[in-house]
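Contents: one structure, followed by commentary.
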Number of protein chains: 2
Amino acid sequence: MTTPGLRERKKQDTRAALAAATLRLAVEHGLAAVTVEQIAAAAGVSYRTFFNHFSVKEEALLRPAGTERTFAVHLAEQEPQLPPLPAARAALRSVLADLDADREAWLQRLSVIAAEPDLLPRLVELGTADERAMAEAIAARTGLDVDTDLYPGLLAAVLSCALRVTLNRWHRRGGREPLDRLFGEAVDALAAGLPGPSAA
Amino acid sequence: MTTPGLRERKKQDTRAALAAATLRLAVEHGLAAVTVEQIAAAAGVSYRTFFNHFSVKEEALLRPAGTERTFAVHLAEQEPQLPPLPAARAALRSVLADLDADREAWLQRLSVIAAEPDLLPRLVELGTADERAMAEAIAARTGLDVDTDLYPGLLAAVLSCALRVTLNRWHRRGGREPLDRLFGEAVDALAAGLPGPSAA
DNA sequence: CACTTCGTTGCACACTGTGCAATCTTGCAC
DNA sequence: GTGCAAGATTGCACAGTGTGCAACGAAGTG
């Protein structure tokens, strides 16, 4: 927890500039129509530098900040005696709060995805890394083995889905409904065992 | 439902040859280390022809047959009064039976994925098309709207996850446990509302 | 036997993503 | 402040992906 340091700060600035340029250009022309070269130019850095920060073009759109292990941190903060599902749900609420702090940008990102159906899979693709981390955090909390036991992997996978579906609905409603409530609906349906189409 | 015709048959042969060559080479060297050019050569066709059948390299590994809408068909066959979750579960059992008919090949495909972690996301990526189809089939059955109602999209997403987790477990156990039973365990946990780590 | 349809092929091309080496700036110790 | 190590940026070359286009030939149709 030492001082960030000038070097680290400039690095984050570069990443942020690239992410911002990506978002702006993608909103304008669609991500597919924008080349990495254009993004780098708009951010004032070289083509090669782009790949020092992001390994894939999509990453610049969908992971503007560094690889945050926020879920694991938030999960660890929950009361130890809380069952896994409520604990994970509370942790994800915190993650969603972070997203909500950047409302406009995230709604724009979701718009870019909605406008280019081919990109939706890539969003999911980026999400698998987080899903893996989530599974490991759940395994650590429950004392299970992430590789042999069913529960951690299944819960993480299912919650990732709920998150994805929720973001999709949130965007389709113009971000007017509170993200929190939409996610709550999804998790409630899960906790009830997907009994049937009760929630319209 | 007319006769397939010689032309159509040859087309399927070409696709099958490409898929088989892809699997063989990928098992041997890993998919990333194999180029499309090598695959095409091994299948006895030109480089360009590969992309007449598959739009992405991964597709040749993970979708050896044509784009089958098997789930929707199987779902339509279920008793109309059956609730959505059991109906979808039964339909997916049929899909899994199809996979099981090709046991060895599918276990090999899963091995290729397991050996190359970077590929797992791409599997998910390919799966999103099926997920969308699944959501539409469920929407049609329940009379809900796939775009505005929560239920179809959520159920399809969650079942896709269960399927993915199940295939993963199946492979890790060497394909010895019946695919059917592993999937049943996952869906049981879902139907129970993910109460806690009861199923070890 | 025309005539259409369509899968295959070759070619050119824009772009992605990587390895490598050079350069420059920051952080740190003396 | 001077020198040195760490690391971020850059340029260059390169393998490979995926696409558009036009030509060719075999399969389907009358």
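The sequence lines fix the lettering, A, B, ..., with proteins before strands; numbering per chain opens at 1. Everything quoted here is computed from the prediction, not taken from an experiment.
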Next item on the list: Would you mind telling me which of C/dT16, C/dT9, D/dT10 lies closest to the side-chain atoms of A/Val45?
Entry: D/dT10
Next item on the list: Take B/Val56 and A/Lys11, find for each the nucleotide of DNA chain D with the closest heavy atom, and name the residue whose nucleotide sits nearer the 5' end.
Entry: A/Lys11
Item checked: Under-4.0 Å side-chain N/O to phosphate OP1/OP2 contact, B/Lys10 with D/dA27 -> yes
Check: What is the distance, rounded to the nearest whole Å, between atom CZ of B/Arg48 and atom C1' of D/dG25?
Finding: 17 Å
Item checked: A/Asn52 CG - C/dG17 P separation (whole Å) -> 14 Å
Next item on the list: To the nearest Å, give me how far apart CG (A/Leu119) and P (C/dT16) are.
Entry: 13 Å
Margin query: Can you classify the ring geometry of A/Tyr47 versus A/Phe51 as parallel (below 30°), tilted (30 to 60°) or perpendicular (above 60°)?
Written below: perpendicular
Next item on the list: For B/Phe50 and D/dT19, give me the distance from atom CZ to atom C1', rounded to whole Å.
Entry: 14 Å
Checklist line | Donor on one side chain, acceptor on other, A/His53 and A/Thr14, under 3.5 Å | finding: no
Notebook entry, point to check: Given atom CZ of A/Arg15 and atom P of D/dT9, what is their separation to the nearest angstrom?
Noted result: 11 Å
Next item on the list: Please tell me which of the listed nucleotides, C/dG17, C/dT9, D/dG18, lies nearest to the side chain of B/Phe51?
Entry: D/dG18
Check: Start at the 5' end of DNA chain D and walk down; is the nucleotide closest to B/Thr35 or to B/Glu8 reached first?
Finding: B/Thr35
Check: OP1, OP2 of C/dG7 versus side-chain N and O of B/Thr14: anything below 4.0 Å?
Finding: no
Next item on the list: Provide, to the nearest angstrom, the distance between the CD atom belonging to B/Glu59 and the C1' atom belonging to D/dT17.
Entry: 14 Å
Notebook entry, point to check: Between the side chain of A/Arg141 and the main-chain N/O of A/Pro84, is any donor-acceptor distance below 3.5 Å?
Noted result: no
Check: Is there a side-chain polar atom (N or O) of A/His53 under 4.0 Å from OP1 or OP2 of D/dA8?
Finding: no
Checklist line | Heavy-atom side-chain proximity of A/His29 to A/Gln38 below 4.5 angstrom | finding: no
Item checked: Nearest-Å distance for atom pair CZ/P, residues A/Phe54 and D/dT9 -> 11 Å
Margin query: Would you say B/Ser46 places a side-chain N or O within less than 4.0 Å of OP1 or OP2 belonging to C/dT9?
Written below: yes
Next item on the list: Check the distance between D/dT10's C1' and A/Tyr47's OH and give it to me in whole angstrom.
Entry: 13 Å
Next item on the list: Evaluate side-chain hydrogen bond (donor to acceptor under 3.5 Å, both in side chains) for B/Gln12 paired with B/Glu8, printing each intermediate quantity in order.
Entry: CA-CA 6 Å; B/Gln12 294 309 324; B/Glu8 185 64 19; 3.1 Å; yes
Next item on the list: Taking only the side-chain nitrogens and oxygens of A/Lys57, find out if one of them lies under 4.0 Å from OP1 or OP2 of C/dT16.
Entry: yes
Notebook entry, point to check: Closer than 4.0 Å, any side-chain N/O of A/Thr49 to the OP1 or OP2 of D/dT10?
Noted result: yes
